[in-house]
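Numbers here are sequence positions counted from 1. In each ligand, atom 1 is the first atom listed, and ligand 1 is the first ligand listed.
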Amino acid sequence: MSLRFVTLPGTGLTASALGFGCASLGSRIGRADGLRALAEAHDGGVTWFDVAPPYGAGEAEAILGEFLAGRRASVRVCTKVGLAGPERSGLMRLVYRLGRPLAARFAGLRRRFRAAAATRYRPIALDAAGIAASLDRSLARLRTDHVDVFALHAPSPADTVRDDVVRALEDILTSGKARQVCVAGDLYACRAAAAAGLPYRVLQLADDPETEPLATLRVAAGRPVATVTHSVFGFDGALSRLVARLEADPAAVRRLQAAGYDGPAGQAAARLLIDRAFASNPDGVVLASMFAAPHRRLNLARAALPPNPEAVRLVRDLLGPAGAS
Ligand SMILES: NC(=O)c1ccc[n+]([C@@H]2O[C@H](COP(=O)([O-])OP(=O)(O)OC[C@H]3O[C@@H](n4cnc5c(N)ncnc54)[C@H](OP(=O)(O)O)[C@@H]3O)[C@@H](O)[C@H]2O)c1
């Protein structure tokens with residue numbers, strides 16, 4: 001079955017409803033495994049790839065650039081400006097390089113690695129020259145002359161509406177180096193960006209199953225905006241919380257089985273969460289990190305199905321405030 005495709009409202013961009021998130025490309029995931037995963041996803045129909053300068057310890061854009069060679073015309077690429085990699089001393093760089101492969105293999109260690117200050121992104125001050133220069137560096141690493149979407153990465157709401165920032169982005173649109181500009185941030189920044197008269201036609205945010213931000217965002221926008229959502233499995237430990245609920249609650253298992261989500265708890269929960277993500281963003285793109293082959297297979301299979309609104313209700317009931325109590 002082929003993947004569902006969407007035309008993102010207000011943009012003219014068409015893409016697979018499932019996008020590949022490259023935050024771990026070059027850090028947790030080495031270059032060769034990463035390139036293989038990207039190629040397999042593309043062969044399976046994925047045409048949206050999301051990246052940023054600090055992703056993959058600064059390596060993700062260059063690796064994605066290798067992947068893009070010969071494929072550029074068939075894919076959409078989003079990169080960003082606004083976050084830099086962590087500042088590390090020489091010793092910390094060594095610890096990181098040696099510890100990363102181990103952390104990739106052990107979930108507990110991975111969580112500690114992520115929480116360590118030495119692995120956290122740093123915000124960079126946005127100004128017109130810096131925004132333009134960052135995009136030029138990204139284009140060089142990606143080996144392309146334009147990106148489909150250029151996003152402010154985790155900006156403050158005030159930054160998204162600042163005159164000099166907006167003008168810099170408009171200049172980039174005029175130059176053709178980006179087809180669309182975007183805010184990839186929290187709900188407050190996305191709401192500010194959705195205001196009429198601003199150039200942002202794409203908004204990227206985590207779709208928290210408990211607060212369901214997309215519904216309020218669309219109302220606030222009052223104009224067609226394209227939405228790209230992420231952190232389907234990782235958001236606040238959604239997958240592990242759902243699995244824990246199923247393991248503790250036979251009634252919840254029966255309810256999922258009746259809705260067609262049967263099998264081992266981990267798989268039923270993963271199918272339900274990705275179905276929920278597609279159903280809550282039916283004309284947008286849902287990003288997933290899917291370097292592991294079983295994850296890729298599952299996500300691709302679900303991306304071929306029509307959105308299932310029942311999944312939104314089920315997750316709301318199982319993970320929402322009532323379900324959590
Ligand atoms: N502010 C922003 O703009 C922002 C913030 C966060 C994320 N993002 C983008 O969104 C992308 C995805 O976000 P994310 O990495 O936070 O969350 P995610 O896609 O929910 O991934 C979290 C974990 O879930 C695993 N996974 C994927 N499919 C699965 C499945 N079917 N069953 C079980 N586990 C599965 C992934 O493993 P494997 O990868 O090992 O397969 C990964 O370790 C990022 O790579 C990035 O491109 C953007």
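Nearest to atom 46 (C) of ligand 1 by heavy atom, out of V51, I274, L152, D50, is D50. The option with the heavy atom closest to atom 21 (O) of ligand 1, from among A189, A52, S289, A37, is S289. Between the choices A293, G21, C78, the shortest heavy-atom distance to atom 11 (C) of ligand 1 belongs to G21. Taking only non-hydrogen atoms, the option from G234, S231, P294 nearest to atom 16 (O) of ligand 1 is S231.
The pair D33-R36 meets the salt-bridge criterion, since a charged nitrogen lies less than 4.0 angstrom from a carboxylate oxygen. Of the charged side-chain nitrogens involved, none lies within less than 4.0 Å of a carboxylate oxygen, so that D283 and R4 do not count as a salt-bridged pair. Ion pairing between R271 and D262 holds under the 4.0 Å rule for side-chain N and carboxylate O. Salt bridge status for E210 with R316: absent, with no side-chain N to carboxylate O gap under 4.0 Å. R302 has a carboxylate O that lies under 4.0 Å from a charged side-chain N of D275, or vice versa, which qualifies the two as a salt bridge.
Under a 4.0 Å heavy-atom criterion, R28 is in contact with ligand 1. Residue F235 places no heavy atom under 4.0 Å from ligand 1.
With R296 contributing its side chain and F291 its backbone, the two residues share a donor-acceptor pair below 3.5 Å. Side-chain atoms of R122 come within 3.5 Å of backbone N or O of G85 as a donor-acceptor pair.
For ligand 1, the atoms lying closer than 4.0 Å to a non-hydrogen atom of L287 are 9 (C), 10 (O). Taking every non-hydrogen atom of K80 and a distance limit under 4.0 Å, the qualifying atoms of ligand 1 come out as 3 (O). Every atom of ligand 1 with a heavy atom of A184 under 4.0 Å away is listed here by number and element: 1 (N), 3 (O). Taking every heavy atom of L239 and a limit of under 4.0 angstrom, the matching atoms of ligand 1 come to 33 (C), 34 (N). Listed by number with element, the atoms of ligand 1 under 4.0 Å from a non-hydrogen atom of A270 are 32 (N). Each of the atoms 1 (N), 2 (C), 3 (O) of ligand 1 lies under 4.0 Å from some heavy atom of H153.
With a 4.0 Å heavy-atom cut-off, ligand 1 is reached by no atom of L205. If you look at R296 next to ligand 1, there are no close heavy atoms at all, none under 4.0 Å. The proximity of C22 to ligand 1, defined as any non-hydrogen pair under 4.0 Å, is limited to the backbone.
Here the shortest heavy-atom pairing between L246 and A265 reads CD1-O, 3.9 Å.
Note: an N/O pair closer than 3.5 Å links V232 and ligand 1 by distance alone. The N/O atoms of F291, backbone and side chain alike, include one that comes under 3.5 Å of an N/O atom in ligand 1. By the 3.5 Å distance cut-off applied to N or O atoms, F233 is counted among the residues near ligand 1.
Under a hydrophobic clustering in which Ile, Leu, Val, Met, Phe, Trp and Tyr are joined whenever their side-chain heavy atoms come within less than 4.5 Å, directly or via other members, Y200 and I131 fall into the same cluster.
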- request: Begin from the C-alpha positions of T79 and H153 and carry the test side chain to side chain contact (heavy atoms under 4.5 Å, CB included) through to its verdict.
  value: CA-CA 9 Å; T79 195; H153 203 174; over 6 Å; no
message: The test is salt bridge (charged side-chain N to carboxylate O under 4.0 Å, His left out); show your working for R313 and E310 and say whether it passes.
response: CA-CA 5 Å; R313 286 188 288 276; E310 173 67 5; 3.2 Å; yes
